[in-house]
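Throughout, protein chains are lettered first and strands after them, A, B, ... in sequence-line order, and every chain is numbered starting at 1.
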Number of protein chains: 2
Amino acid sequence: MDSTEKKRNFSRKREAILKAVRSTKCHPTAEWVYRTLKPDYPDLSLGTVYRNLAQFKNDGTIVSVGTINGQERYDGNVTPHTHFVCSSCGAVIDIPGRLIDEAQVEKTAEEMHLRVDSWDVLMHGICAKCLHGK
Amino acid sequence: MDSTEKKRNFSRKREAILKAVRSTKCHPTAEWVYRTLKPDYPDLSLGTVYRNLAQFKNDGTIVSVGTINGQERYDGNVTPHTHFVCSSCGAVIDIPGRLIDEAQVEKTAEEMHLRVDSWDVLMHGICAKCLHGK
DNA sequence: AGCAATAAAGATAATTATTACTAACTTGCT
DNA sequence: AGCAAGTTAGTAATAATTATCTTTATTGCT
Ligand SMILES: [Mn+2]
Ligand SMILES: [Mn+2]
Ligand SMILES: [Zn+2]
Ligand SMILES: [Zn+2]
């Protein structure tokens, strides 16, 4: 048995939080998850959302896109893909594929004596909606 | 003349801040710049560092690597390159090259009706120093 | 079902990075 | 030197996230 593994009880709210993150493509913030669930879970606490998101991120159930405009953005889609961030409205949009040469990453890692666990590509620019005036 | 352009006076401290960012490969935080300059500029204020870094970033004089462990990391090297973040010690290390297929980015941008201004590749893992026990 | 052990949550306080404010000080120009 | 506009120090205010602590919920067992 692994001494680092922690027993985890079932939690209705934790399930709801995971479901909420997985239900959207908007790459939500903790705040978004909180606001979304609050009507159905009136006694939900923001701390609970933060705590569980951190937990899910920690064990790889969800992933973080990074901090955009001061807020961490999460993603329930853990299959590797690329992200685009709109500098105007802050939207985070999925781009299919990795756009990167995996073999070259491996080579670079070896050359520089690094252990590479993951990588992400973040594109910046203006989204279609913001480009079209409205 | 462009009405958006603002007159800017010379400032000894602003020059020092830029020089400090350019002098290192550590991808410093505002705090690091402040601590580094403080001995030579005893009345330097942290707000001044933040204000000028934001300004430099804004007009492209320096660039931001993103927010790592809650702190924005800057880079005086504006030629496109890749970054590696050590999950253990937080070091940000330069990786030469872009590792990405520029033509494919262009194609994707057009297909999805996005205007892509820039992109960065961020690798995560364990750095050489942390891998070797110490 | 009742119960003890412990995990999870709610409420709130604390922390931390960053931004805003304002009076005093510089700079660029005449 | 004298003025207008830009910049700073010092400090207060924000805002996201984390920690704490008490209460509640879940689990495994009798
Ligand atoms: Mn995504
Ligand atoms: Mn760099
Ligand atoms: Zn947009
Ligand atoms: Zn390291």
Spacing between [X] atom [atom1] and [N] atom [atom2], to the nearest angstrom:
{"X": "A:Asn9", "N": "C:dA5", "atom1": "CG", "atom2": "C1'", "result": "10 Å"}
{"X": "B:Asn58", "N": "C:dT19", "atom1": "CG", "atom2": "P", "result": "11 Å"}
{"X": "B:Tyr34", "N": "C:dA17", "atom1": "OH", "atom2": "C1'", "result": "15 Å"}
{"X": "A:Arg12", "N": "C:dA9", "atom1": "CZ", "atom2": "C1'", "result": "12 Å"}
{"X": "A:Leu37", "N": "C:dA9", "atom1": "CG", "atom2": "P", "result": "12 Å"}
{"X": "B:Leu53", "N": "C:dT19", "atom1": "CG", "atom2": "P", "result": "10 Å"}
{"X": "B:Asp43", "N": "C:dA24", "atom1": "CG", "atom2": "P", "result": "16 Å"}
{"X": "A:Arg14", "N": "C:dA7", "atom1": "CZ", "atom2": "C1'", "result": "8 Å"}

- Query: In this structure, which one of A:Ile17, A:Leu53, A:Val33 forms a side-chain contact (heavy atoms from CB on, under 4.5 Å) with A:Tyr74?
  - Reply: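 With A:Tyr74 as partner, side-chain contact (heavy atoms from CB on, under 4.5 Å) holds for just one option, A:Leu53.
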query = Just to confirm, is there a sub-4.0 Å distance from OP1 or OP2 of C:dG10 to any side-chain nitrogen or oxygen of A:Thr48?
reply =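 For A:Thr48, the contact criterion (side-chain N or O under 4.0 Å from OP1 or OP2 of C:dG10) is met.
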message = Would you say B:Ile62 ends up clustered with B:Leu122 if hydrophobic residues are merged whenever their side chains have heavy atoms under 4.5 Å apart, either directly or through other cluster members?
response =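 No.
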Next item on the list: Look at the side-chain heavy atoms of Ile, Leu, Val, Met, Phe, Trp and Tyr, link any pair under 4.5 Å apart, and say whether B:Trp119 and B:Leu99 land in one connected group.
Entry: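 Shared cluster, yes.
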| query | Checking salt bridge (Lys or Arg N to Asp or Glu O under 4.0 Å) for the pair B:Asp59/B:Arg8: CA distance, chi angles, key distance, verdict? | reply | CA-CA 12 Å; B:Asp59 57 46; B:Arg8 189 169 300 181; 3.2 Å; yes
Check your understanding: Pick the nucleotide of DNA chain C nearest each of B:Gly47 and A:Lys38; which residue has the one closer to the 5' end?
Key ->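 Of the two residues, A:Lys38 wins.
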Report which part of the nucleic acid [X] touches: base, sugar-phosphate, or nothing (heavy-atom distance under 4.0 Å, all strands).
{"X": "B:Phe10", "value": "sugar-phosphate"}
{"X": "B:Glu72", "value": "sugar-phosphate"}
{"X": "A:Arg8", "value": "sugar-phosphate"}
{"X": "A:Gly70", "value": "sugar-phosphate"}

cation_pi(A:Arg73, A:Trp32) dist<6.0 Å, angle<=45
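Judged by the rule (NZ or CZ under 6.0 Å from the ring centre, within 45° of its axis), A:Arg73 is not positioned above A:Trp32.
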| said: Reading DNA chain D from 5' onward, which residue's closest nucleotide shows up sooner: A:Ala30 or A:Arg51? | reply: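 Per heavy-atom nearest nucleotide, the more 5' residue is A:Ala30.
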query: Does A:Ala54 offer a backbone N or O that forms a donor-acceptor pair with the side chain of A:Asn58 under 3.5 Å?
result: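 No, A:Asn58 side chain to A:Ala54 backbone: no donor-acceptor pair under 3.5 Å.
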Side-chain (B:Thr67) to main-chain (B:Gly70) donor-acceptor, under 3.5 angstrom =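 Answer holds: no.
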Does a side chain donor of either A:His81 or A:Asp120 reach within less than 3.5 Å of an acceptor in the other side chain?
->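 No pair is found: no donor N or O on one side chain lies under 3.5 Å from an acceptor on the other.
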Worksheet item: For the side chain of B:Leu46, counting heavy atoms from C-beta on, which of C:dT27, C:dA9, C:dT18 is nearest?
Response: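 Ranking C:dT27, C:dA9, C:dT18 by closest atom to the B:Leu46 side chain puts C:dT18 first.
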Problem set entry | Segment of DNA chain D, first to last nucleotide, that comes within the 4.0 Å heavy-atom reach of chain B |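 For DNA chain D, the relevant span reads D:dG6 to D:dG10.
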*Look at the rings of B:His83 and B:His27 and say which category their plane angle falls in: under 30° parallel, 30 to 60° tilted, over 60° perpendicular.*
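Perpendicular: the ring planes of B:His83 and B:His27 meet at over 60°.
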Inset, instruction - Identify whether the distance between the nearest side-chain nitrogen and carboxylate oxygen of A:Asp43 and A:Lys13 falls below 4.0 Å. - result: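 The answer is yes: the pair qualifies as a salt bridge.
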Enter the inter-axis angle for the ends of the helix from C:dA1-D:dT30 to C:dT30-D:dA1 (five pairs per end, rounded to 10°).
->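 Terminal axis comparison yields 30°.
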